[in-house]
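Beneath this line is the structure, given in structure tokens, with notes to follow.
This is a predicted model, so every value here is computed, not measured. The sequence lines fix the lettering, A, B, ..., with proteins before strands; numbering per chain opens at 1.
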Amino acid sequence: MSSSAAPSAACVWFRKGLRLHDNPALLEAINGSDTLYPVFCVDPTFYSPDVIGGNRIAFLLESLRDLDASLKSRNSRLIVLRGSPNDVLVSKMEEWNVSKLCFESDTEPYAEARDGRIKEAAEALGVRVFSPVSHTLYDPNVLIAKNGGKAPLTMQSFQKVVDKAGPPPAPAADPPSSLPPCGAVPSGEYLVPSLSDVGYGEEHMKESNKPVEGGETAALARLAKYMADEAWVASFDKPKGNPTTFTPYPATTLLSPYLKFGCLSPRLFYAKLREVYNRRANHTKPPVSLYGQLLWREFFYCASVGIPNFGKMEGNPNCKQIDWDTNDEFLQAWEAGRTGYPWIDAVMTQLRQEGWMHHLARHAVACFLTRGDLYLSWESGAKVFDKYLLDADWAINNANWQWLSASAFFSQYFRVYGPVSFPKKYDKDGAYVKKYLPVLANMPAKYVYEPWTAPADVQKKAGCVVGVDYPAPIVDHATIHKTNIQRMKAAYDRNKTMNPSSGAASGVKRKGVEPAR
DNA sequence: CGCATGTTGAAACA
DNA sequence: TGTTTCAACATGCG
């Protein structure tokens, strides 16, 4: 910022990483710059209510408003450009005479293609580009290199790689209390848009009722609140969580939407966890601990970077090729919560209304859509989750769908979640399903997960006649799940003969071994 | 090879 | 509330 040096303008481009803390791209942008342009690009054609639910857009806009406020308190502001970054960002960099462009690295295929084009255009303008890793604890490519150039495929082998890599980098320093000014940008322009500005009218928000507010400020408050309960942090055991608890969601931290948008740095989360673990001799360990949850995120990011065509079945060498059915009626019933199984329909209703549901609830509906009941492709389910989830994250979403459909990572396809038995373990009275499906409010607990078994007079008295007020089950779980296990077995056998990657090893094994008696 | 293990199954039994 | 059985896959270790 010395006045004798040539004026130097930099641009920090926010995409994910919507925060000021632990933001190495921002620090690099202000280093040696006397003008700073903090930019976010909104491409209104990209935000469509058919593709991205209103809850997530609302969360994003809240995050942008919070970022703008934090920048303003440091004598700066957020400049929101409208249009494709390729057009608007490149032309602004030229207009502002920017010499340095900084943005957080993003490994999603869409982002890599976009950023590749921007880098080319920037370099053509003589703009230097810095793109540090801060969305994950580690640089996925570094971990992959440490594992011999391949992404680890089991959590255990992944943890060994992490142990070899040592602790992740500490969070970057906080930015100074005063940032370089923005130059001649009109104060009344380039403002954070409203929902209706980006095409989300009231008619798109009717069902929307998200449980958390977007933004770094809310993220840090939430982190602090959960970290303060050290006994809870130390005893966190994910698989033992209860998927039928609702607001205020005591079973998990609900920090995932903040990690998705980068309102919260995973490295800060890690550092705070370490502090608690250091004070608590007894604490749970990965993979079930809170730290374990961060490692799952890293594990899946590595897989998404190291495995080709990670968002698809075809051409994905780690994904079993399975003969999924196509059935739009089933798919639509599942998405809309009209399968006739209250547990499934309630979870899908929570997804549409709130953009969030417990991890185990996600398991149940994912299993139901794929190998458990409907036998539809995990890709079609991932698309629906990607639309509605506040924390929809390309790498993690695709990984979990492959997991639950027993297409990759997990292969015990005979372990099927029962749409009646599973929720009963947690919520005998059906409070959760009654909250999301008010039509079942007066159904006796005995029948709440399988209302079609209630006698006609009970259904009538409850105001929930199956086939009239609430759908009849679209499949018979008791029979179809057994059929599907056999279909999975056949599909696995076909994969063995089609792609004998482990068969090669068995060929080696056979060499020199005595013939069978 | 044999065997244990894998973040989160269900049903039948004690 | 905890243990066994059901029917049974992939991986990694000894």
Side-chain angles (χ1 to χ4, degrees), chain A residues 147-148 150-162 235-245 251-252 283-300 317-320 322 343 347 357-368 370-373 396 399-400 402-426 428 449-450 477-497 499-517:
Chain A
N147 192 51
K150 290 178 300 175
L153 296 176
T154 68
M155 187 55 168
Q156 285 190 341
S157 58
F158 178 76
Q159 279 178 253
K160 278 179 194 161
V161 177
V162 165
S235 63
F236 185 92
D237 191 333
K238 186 63 170 276
K240 291 187 182 148
N242 180 340
T244 64
T245 52
T252 60
H283 59 82
T284 52
K285 301 262 157 54
V288 301
S289 64
L290 266 181
Y291 169 46
Q293 305 315 298
L294 274 178
L295 286 184
W296 281 105
R297 183 171 178 271
E298 296 291 312
F299 173 49
F300 290 147
N318 191 47
C319 181
K320 292 264 186 341
I322 294 168
W343 162 240
V347 173
M357 65 287 208
H358 188 273
H359 187 62
L360 289 175
R362 302 182 192 198
H363 277 214
V365 297
C367 181
F368 187 89
T370 58
R371 65 189 167 83
D373 297 82
I396 299 166
N400 275 311
Q402 286 170 66
W403 186 297
L404 258 297
S405 63
S407 297
F409 307 113
F410 172 85
S411 46
Q412 286 155 284
Y413 53 75
F414 40 87
R415 289 191 181 170
V416 176
Y417 289 85
V420 173
S421 54
F422 186 69
K424 257 188 200 166
K425 283 194 297 195
Y426 302 97
K428 265 190 97 181
Y449 292 113
E450 39 191 344
H477 174 78
T479 54
I480 202 83
H481 93 274
K482 285 185 183 156
T483 310
N484 290 344
I485 286 174
Q486 292 313 308
R487 289 186 71 177
M488 288 296 290
K489 182 177 168 59
Y492 266 54
D493 286 344
R494 278 196 301 277
N495 276 269
K496 259 184 234 162
T497 50
N499 180 25
S501 54
S502 58
S506 69
V508 171
K509 268 185 274 172
R510 227 166 267 130
K511 192 164 68 175
V513 170
E514 292 295 308
R517 282 151 291 196

(request) Round to a whole Å and report the spacing from OH of A:Tyr417 to P of B:dT7. (result) 12 Å
(message) Mind checking if A:Lys240 touches a base, just sugar-phosphate, or nothing, with heavy atoms under 4.0 Å?
(response) nothing
(message) Distance check needed: B:dT8 P versus A:Phe409 CZ, whole Å only.
(response) 15 Å
(message) Within the 4.5 Å heavy-atom criterion, are A:Met155 and A:Gln159 side-chain neighbours or not?
(response) yes
(request) Quickly work out the A:Asn400 CG to B:dT8 P distance and round it to whole Å. (result) 13 Å
(message) Please check this pair: side chain of A:Glu298 against backbone of A:Gln293, looking for a donor-acceptor N/O pair closer than 3.5 Å.
(response) no
(message) Does the protein touch nucleotides 3-10 of chain C at the base, only the backbone, or not at all? Give it as B, S and - per nucleotide, heavy atoms under 4.0 Å.
(response) -----BBS
(request) Under the salt bridge (Lys or Arg N to Asp or Glu O under 4.0 Å) rule, collect the residues that match up with A:Lys240, sequence neighbours excluded. (result) A:Asp237
(request) For A:Val288, answer base if it contacts any base atom (sugar-phosphate contacts may also be present), sugar-phosphate if it contacts only those atoms, and nothing otherwise; contact means non-hydrogen atoms under 4.0 Å. (result) base
(request) Starting at atom CD of A:Gln159, determine the distance to atom P of B:dG6, rounded to an integer number of angstrom. (result) 10 Å
(message) For the NZ atom on A:Lys425, are there more than 12 heavy atoms of other groups (residues, nucleotides or ligands in this structure) within a distance under 6.0 Å?
(response) yes
(request) Output the single nucleotide from B:dT7, C:dT11, B:dG9 whose closest atom is nearest the side chain of A:Pro239. (result) B:dT7
(request) Can you tell me, in whole Å, how much space there is between the P of C:dG2 and that of B:dT7? (result) 22 Å
(request) Please work out if A:Gly292 contacts a base, only the sugar-phosphate, or nothing of the nucleic acid, heavy-atom cut-off 4.0 Å. (result) nothing
(message) Please report the distance, rounded to the nearest Å, between CD in A:Glu298 and P in B:dT7.
(response) 17 Å
(request) Rounded to whole angstrom, note down the P distance from C:dT3 over to B:dT5. (result) 16 Å
(message) If you define the side chain from C-beta out and look only at heavy atoms, does anything of A:Phe409 sit under 4.5 Å from A:Asn318?
(response) yes
(message) Tell me the closest heavy-atom pair linking A:Phe422 and A:Pro243, and the distance in Å.
(response) CE2-CG, 4.1 Å
(message) Over all strands shown, is A:Gln156 touching base, sugar-phosphate only, or nothing at heavy-atom distances under 4.0 angstrom?
(response) sugar-phosphate
(request) Look at the rings of A:His481 and A:His477 and say which category their plane angle falls in: under 30° parallel, 30 to 60° tilted, over 60° perpendicular. (result) parallel
(request) Check every strand shown and say whether A:Lys160 touches a base, only sugar-phosphate, or nothing at a heavy-atom separation below 4.0 Å. (result) sugar-phosphate
(message) Taking 4.0 Å as the cut-off, does a side-chain nitrogen or oxygen of A:Ser421 come that near to OP1 or OP2 on B:dA11?
(response) yes
(request) Would you check if the side chain of A:Arg297 reaches a backbone N or O of A:Ile396 as a donor-acceptor pair within less than 3.5 Å? (result) no
(request) Using the ring of A:Tyr413 (Phe, Tyr or Trp, six-membered ring only), decide whether A:Lys489 places NZ or CZ under 6.0 Å from its centre and within 45 degrees of its axis. (result) no
(message) Once pairs are restricted to Watson-Crick or G-U wobble with both distances under 3.5 Å, how does DNA chain C read as a dot-bracket string, [ ] for crossings and | for other-strand pairs?
(response) ||||||..||||||
(message) From NZ of A:Lys424 over to P of C:dT1, roughly how many Å is that when rounded to an integer?
(response) 17 Å
(message) Work out how far the P atom of C:dA7 is from that of B:dG2, and round it to whole angstrom.
(response) 23 Å
(request) Provide the distance between the two C1' atoms, one in C:dA8 and one in B:dC3, to the nearest whole Å. (result) 15 Å
(message) Tell me the interatomic distance from A:Met155, atom CE, to B:dT7, atom P, rounded to whole angstroms.
(response) 7 Å
(request) If the plane angle is over 60° it's perpendicular, under 30° parallel, otherwise tilted; pick one for A:Phe410 and A:Trp403. (result) parallel
(request) In whole angstrom, give the distance that lies between atom NZ of A:Lys150 and atom C1' of C:dT11. (result) 13 Å
